[in-house]
**Student:** 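Just dropping this structure here.
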Amino acid sequence: MVNIQALRGMQDLLPEQKEIFRFIEAKARQVFECYGYQEMGMPVLEATHLFKRAVGDGTDLIEKEMYTFDDRNGDSITLRPEGTAGCIRVAEQHGLLFNQIQRLWYHGPMFRYERPQKGRYRQFEQIGVECFGMPGADIDAEILLLCARLWRELGIDKDITLELNSLGSAEARVKYRTVLVEYLTSVKDQLDEDSQRRITSNPLRVFDSKVPQTQQLLRHAPLLKDYLDDESKQHFQQLCEQLDKCDIAYQLNPYIVRGLDYYNRTVFEWVTSSLGAQGTVCAGGRYDGLVAQIGGKGTPGVGFALGLDRIALMLQAKFEHANAADIYVVSNGEGARQQALWVAENVRNALPQRKIVVHCGAGKFKAQLKRADASEAKLALILGETEVTNGTIGVKFLRDDREQISVNVADLNDILNRFFS
RNA sequence: GUGGGCGUAGCUCAGUCGGUAGAGCUCCGGAUUGUGAUUCCGGCGGUCGUGGGUUCAAACCCCAUCGUCCACCCCA
């Protein structure tokens with residue numbers, strides 16, 4: 001046992017859980033398609049420097065969370081820790097961004113070497129959406145509308161709230177950053193240890209500190225919104241108006257700072273209180289400078305990623321009987337056993353949407369019916385020696401108060417069709 | 001990377017002061033020779049996470065290690 005465990009932080013998805021993931025993916029696909037977004041795929045492995053260049057060298061993600069190792073030829077490669085960089089690489093490499101507009105989405109595993117926790121795994125499933133070539137606030141609003149619709153489809157809209165902020169232009173942010181660093185440095189010895197460290201690593205993050213004394217000091221800190229450039233202010237205002245118009249509730253949170261360096265202007269998080277400390281279920285924002293930073297021609301972009309694992313945790317309680325069968329076929333005796341598979345095939349031809357399970361292998365008749373009951377099937381089809389010789393099949397209603405009936409093989413599909421319609 | 005909780009049957013867990021391991025559920029068989037509730041009876045099932053130490057004796061105490069959970073950090 002000891003040697004065959006999953007690697008630390010890697011989740012095994014049992015059928016019950018996988019069902020939830022499939023549900024989320026299906027809903028996402030349906031919603032994204034109805035907004036005209038196109039699915040794409042990309043490799044799990046990329047050159048290490050792609051992520052370094054895109055995400056920012058000083059970030060925790062780059063410094064200590066990447067699965068990086070040497071390829072056999074000595075090149076440094078990395079299991080993708082996020083999707084945006086790779087998506088841009090694909091789009092650039094195949095010319096999707098040259099004077100074009102794109103609405104793209106993808107899904108798949110991401111990898112970060114972190115300490116596992118509820119809702120946080122080393123391999124985690126993410127759905128990403130990226131839009132290119134649209135500088136206006138309308139596309140920012142669109143992806144938020146798209147998110148909101150997805151939450152409604154998933155039935156979790158009541159449990160999630162939207163938090164919004166604007167980081168301004170890159171220039172405004174740099175200007176603000178220096179002012180903030182100045183202020184923080186002036187009170188440095190009164191700050192907690194983490195916050196002191198963050199002055200150099202990511203000063204905006206200091207606002208996230210939970211230490212009361214630090215929070216006290218932050219009250220007098222300069223605020224980002226006072227440093228926003230006019231265009232960014234206008235952009236943000238348009239976004240808010242658009243959301244108001246479409247009845248999307250949101251909360252302004254001046255302290256949202258995405259962990260990755262590439263964001264500008266709009267940033268947002270969809271959060272829930274139902275998952276403990278890992279409450280962010282979906283997050284994203286605008287990254288107008290990123291494409292150029294990776295090496296392409298400057299193209300505006302907005303996007304977000306949602307954490308499938310976390311949403312799956314939220315949905316868990318609602319998935320009790322997702323794998324129920326419709327029909328369970330039991331048989332008694334050698335001849336009947338052979339007949340059973342054949343009968344089931346014919347039924348599947350006639351009712352391809354139905355889940356039909358045939359009892360295979362050994363098993364007493366009584367035990368087979370117990371299995372039928374446990375499968376949550378509505379009907380049991382019964383094949384015994386009597387049925388085989390008479391050319392009939394027993395149809396037993398497992399969930400209704402009805403007598404078992406005996407039908408001719410030739411009439412079976414009609415009867416089943418009527419029952420399930 | 002830091003701090004804390006927890007690892008006992010397939011699952012959920014009990015196990016007193018250290019005295020050599022138990023229940024419920026599941027599964028299998030029977031009561032009922034071909035009919036799924038319930039009930040009753042019987043059965044399968046254990047390296048007590050792993051390795052070391054203390055002891056006449058360790059699931060229990062000590063050390064290490066792995067895993068897991070929670071929080072920090074960080075983030076989806």
**Student:** Under the side-chain contact (heavy atoms from CB on, under 4.5 Å) criterion, do I143(A) and Y37(A) qualify, and how do the steps go?
**Tutor:** CA-CA 10 Å; I143(A) 59 174; Y37(A) 285 60; 3.4 Å; yes
**Student:** Counting the atoms with a prime plus P, OP1 and OP2 as sugar-phosphate, which does G9(A) contact under 4.0 Å by heavy atoms, base, sugar-phosphate, or nothing?
**Tutor:** sugar-phosphate
**Student:** Mind checking K396(A) for me? I need base, sugar-phosphate or nothing, with any heavy atom below 4.0 Å counting as a touch.
**Tutor:** base
**Student:** How far does the P atom of rG22(B) sit from the matching atom of rG45(B), given to the nearest Å?
**Tutor:** 14 Å
**Student:** Got a donor-acceptor pair under 3.5 Å from the side chain of R197(A) to the base of rC73(B)?
**Tutor:** no
**Student:** How far, in whole Å, is rC11(B) from rU55(B) if one measures between their C1' atoms?
**Tutor:** 35 Å
**Student:** Does K364(A) make a side-chain N or O approach to OP1 or OP2 of rG30(B) shorter than 4.0 Å?
**Tutor:** yes
**Student:** Can you tell which of L204(A), L223(A), I199(A), L218(A) makes a side chain to side chain contact (heavy atoms under 4.5 Å, CB included) with L180(A)?
**Tutor:** L204(A)
**Student:** Where the side chain of K118(A) is defined as all heavy atoms beyond and including C-beta, which of rC70(B), rG36(B), rC75(B) is the nearest nucleotide?
**Tutor:** rC70(B)
**Student:** Counting the atoms with a prime plus P, OP1 and OP2 as sugar-phosphate, which does Q368(A) contact under 4.0 Å by heavy atoms, base, sugar-phosphate, or nothing?
**Tutor:** nothing
**Student:** Please say whether the positively charged group of R122(A), taken as NZ for Lys or CZ for Arg, lies over the ring of Y113(A), i.e. under 6.0 angstrom from the six-membered ring centre and within 45 degrees of the axis.
**Tutor:** yes
**Student:** Between R371(A) (CZ) and rU26(B) (P), how many Å, whole number?
**Tutor:** 12 Å
**Student:** Hey, which sits more toward the 5' end of RNA chain B by its nearest nucleotide, V281(A) or E387(A)?
**Tutor:** E387(A)
**Student:** If we only count heavy atoms from C-beta on, is the L315(A) to I156(A) side-chain gap below 4.5 Å?
**Tutor:** yes
**Student:** Just by distance, with hydrogens left out, do T78(A) and T68(A) show a side-chain donor and acceptor under 3.5 Å apart?
**Tutor:** yes
**Student:** Would one find a side-chain N or O of R399(A) under 4.0 angstrom from OP1 or OP2 of rA37(B)?
**Tutor:** no
**Student:** Is any side-chain N or O of Q117(A) closer than 4.0 Å to OP1 or OP2 of rC69(B)?
**Tutor:** no
**Student:** Counting side-chain heavy atoms from C-beta on, which of rC74(B), rC75(B), rG34(B) comes nearest to R112(A)?
**Tutor:** rC75(B)
**Student:** Among the nucleotides rU35(B), rC75(B), rG29(B), which one has an atom lying closest to any side-chain atom of T280(A)?
**Tutor:** rC75(B)
**Student:** Does K366(A) get its side chain close enough to the base of rU35(B), under 3.5 Å, for a donor-acceptor pair?
**Tutor:** no
**Student:** Could you tell me whether G128(A) contacts a base, only the sugar-phosphate backbone, or nothing, with contacts defined as non-hydrogen atoms closer than 4.0 Å?
**Tutor:** nothing
**Student:** Whom does rG45(B) pair with, Watson-Crick or G-U wobble, provided both distances fall under 3.5 Å?
**Tutor:** none
**Student:** With a cut-off of less than 4.0 Å, is there a side-chain N or O of R120(A) near OP1 or OP2 of rC73(B)?
**Tutor:** no
**Student:** Using Watson-Crick or G-U wobble geometry with both distances under 3.5 Å, which nucleotide pairs with rG3(B)?
**Tutor:** rC70(B)
**Student:** Any idea which of rC28(B), rG34(B), rC74(B) is nearest the F365(A) side chain?
**Tutor:** rG34(B)
**Student:** Select one nucleotide: of rC75(B), rU68(B), rC28(B), the one nearest the side-chain heavy atoms of R8(A).
**Tutor:** rU68(B)
**Student:** Both R115(A) and F124(A) contact RNA chain B. Which one's nearest nucleotide lies toward the 5' end?
**Tutor:** R115(A)
**Student:** Does Q404(A) make a side-chain donor-acceptor contact with the base of rU35(B), cut-off 3.5 Å?
**Tutor:** yes
**Student:** From the list rC27(B), rC70(B), rA76(B), which nucleotide is the closest neighbour of the side chain of D309(A)?
**Tutor:** rA76(B)
**Student:** Whole-Å distance between rC75(B) P and W270(A) CH2?
**Tutor:** 21 Å
**Student:** Could you check whether I382(A) gets within reach of a base, just the sugar-phosphate, or nothing at all, counting any heavy atom under 4.0 Å?
**Tutor:** base
**Student:** Could you tell me which nucleotide pairs with rC25(B) by Watson-Crick or G-U wobble geometry, both distances under 3.5 Å, or answer none if nothing does?
**Tutor:** rG10(B)
**Student:** Could you identify the nucleotide paired to rG36(B), looking across every strand shown and requiring Watson-Crick or G-U wobble geometry with both distances under 3.5 Å?
**Tutor:** none
**Student:** Can you say whether the rings of F32(A) and F304(A) are parallel (under 30°), tilted (30 to 60°) or perpendicular (over 60°)?
**Tutor:** perpendicular
**Student:** What is the nucleic acid contact for F397(A), judged by heavy atoms within less than 4.0 Å: base, sugar-phosphate only, or nothing?
**Tutor:** base
**Student:** Scan Y121(A) against the nucleic acid and name what it touches under 4.0 Å (heavy atoms): base, sugar-phosphate only, or nothing.
**Tutor:** base
**Student:** Can we call the ring centroids of F397(A) and F419(A) under 6.0 Å apart?
**Tutor:** yes
